[in-house]
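Here is the structure we will look at, set down as structure tokens.
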2 protein chains.
Amino acid sequence: MSAREKIVLAAMELFWLKGYNSTSIADLLSRTQLNSGSLYHAFPSKQDVLIGVLEAYRDGIHQQLLAPAWADVDDPIEKIFALLRHYRTLIVETDCTYGCPIGSLALELHEPDPKVRELIAANFGNWTAAIEQCLADAGKRLPGETDRRALAQFVLTAMEGGVMQARTHRHVAYFDRAVAQLRAHFALLEQAAKVGA
Amino acid sequence: MSAREKIVLAAMELFWLKGYNSTSIADLLSRTQLNSGSLYHAFPSKQDVLIGVLEAYRDGIHQQLLAPAWADVDDPIEKIFALLRHYRTLIVETDCTYGCPIGSLALELHEPDPKVRELIAANFGNWTAAIEQCLADAGKRLPGETDRRALAQFVLTAMEGGVMQARTHRHVAYFDRAVAQLRAHFALLEQAAKVGA
DNA sequence: CAACTCCTTGATTGAGCGTTCAACCAAGAA
DNA sequence: TTCTTGGTTGAACGCTCAATCAAGGAGTTG
């Protein structure tokens, strides 16, 4: 494994656990057993490590996130809730300290470099595009006039907001309630599609 | 104005603009025109400044946030969307760099002191309690079995998620779509209440 | 062998951080 | 006048941070 790969892997974990600003270069070095010179040979600056991390998330969303979450699910709408269940297990496994790595960065970095901001946006974009595909696959189960992109972004909204509150209150029930509300919304939409058909 | 008040006011603005970690004591001193000794006479540590800020938000939510947003609104459900409109103007006024001060802190602080975490939770709690009151005032316009606390938390979820995405994409439309989805959800709920009655 | 290219080593740099404290000041009490 | 109290001053401290760089392999090529 190259030094570059080692650093990105370590940084993915440390940025997620401690945040970007609170992760020092020294943290990355001790985790990877590298020396500072090697790190600065692979990356010009700490911010470029962040860019590497965001690119890794962007390029790995299907393999690392969606494929595991959708292993046993075919129904397009159930895929959405399977993904949310996946986040739920992460919340539980981390004793409600889980934070979406992208969402946390989005709020932690107050004056981000344009490249960083665009990569965060690209990550959100990939996520909602995957949901939007599910909504497209749901076909006529949703009302014809449904804005599927907006609804996909709303799913992300519910996930991020639910994660934030579960983490703050240290209780997964806050996430569960957000999912339940979203479930109710989908139930109403499916009902409206049936009646309207 | 006491030194303590000066510091809290300056910190509210700076933590909101730059985040907690990126705001240095020196920043606070130059903004308030105080010396470090005065600050440390008023607060034992930087974290206690943060606590002061969170207490100020907690105690000022009605006067500073809700009263202005609800100045011309009586209808309980419209009050919810009036509050969201208030956030929208903040987003627009800041060229889509607005972040909810509480939400940003919630995600920036990865290992918060229990007292800090509880204050963030209390702030969310006050916010959702105000929404819950609106939902209670809406009475039978919502289906009888509606879990009004969960729905209030869902409104917070939509706000935080919408703000996060608008900020990331630098476009208020992402916030607007989140609000529109929430509006659609309320419309469906009101319709269900009417039919079921 | 030498020359060249990658990559690594790790002590070092200088800036910035939160925090401290002896000295100082103004105003009221004795 | 002298003492006390509550607050202010600002230089200094110890530390951590991201980043640097001269020196030194290791491998390949001619």
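Keep in mind it's a predicted model, so treat the numbers as computed, not measured. Lettering follows sequence order; numbering is per chain, from 1. Atoms considered below: every heavy atom in the structure, side chains included; atoms not considered: hydrogens, waters and symmetry mates.
Considering CD of A/Q33 and NZ of A/K6, their distance stands at 8.0 Å, rounded to 0.5 Å. Put simply, OG1 on A/T157 and OH on B/Y174 are 11.0 Å apart, with the number rounded to the nearest 0.5 Å.
If you take OH of A/Y20 and P of D/dC17, they are 14 Å apart, rounded to a whole angstrom. For A/D113 and D/dA18, the CG to P distance is 17 Å, given to the nearest whole Å. Taking atom CD1 on B/I25 and atom P on D/dG10, their separation rounds to 17 Å, with Å as the unit.
Near DNA chain C, meaning a heavy atom under 4.0 Å from it, residues 26-47 of chain A has A/N35, A/S36, A/G37, A/S38, A/H41 in order of number.
Figure legend: cation-pi geometry between B/R183 and B/F81, with NZ or CZ positioned under 6.0 Å from the six-membered ring centre and within 45° of its axis.
Salt bridge A/D147/B/R177: absent, no basic N to carboxylate O contact under 4.0 Å. Between A/E132 and A/R148, none of the side-chain N atoms (NZ, or NE/NH1/NH2) sits under 4.0 Å from a carboxylate O, so this pair counts as no salt bridge.
Using a 4.0 Å heavy-atom distance criterion, A/S2 is classed as making no nucleic acid contact.
Side chain of B/W16 to main chain of B/P101: no donor-acceptor pair is present (N/O by atom type, distance under 3.5 Å, no hydrogens or angles).
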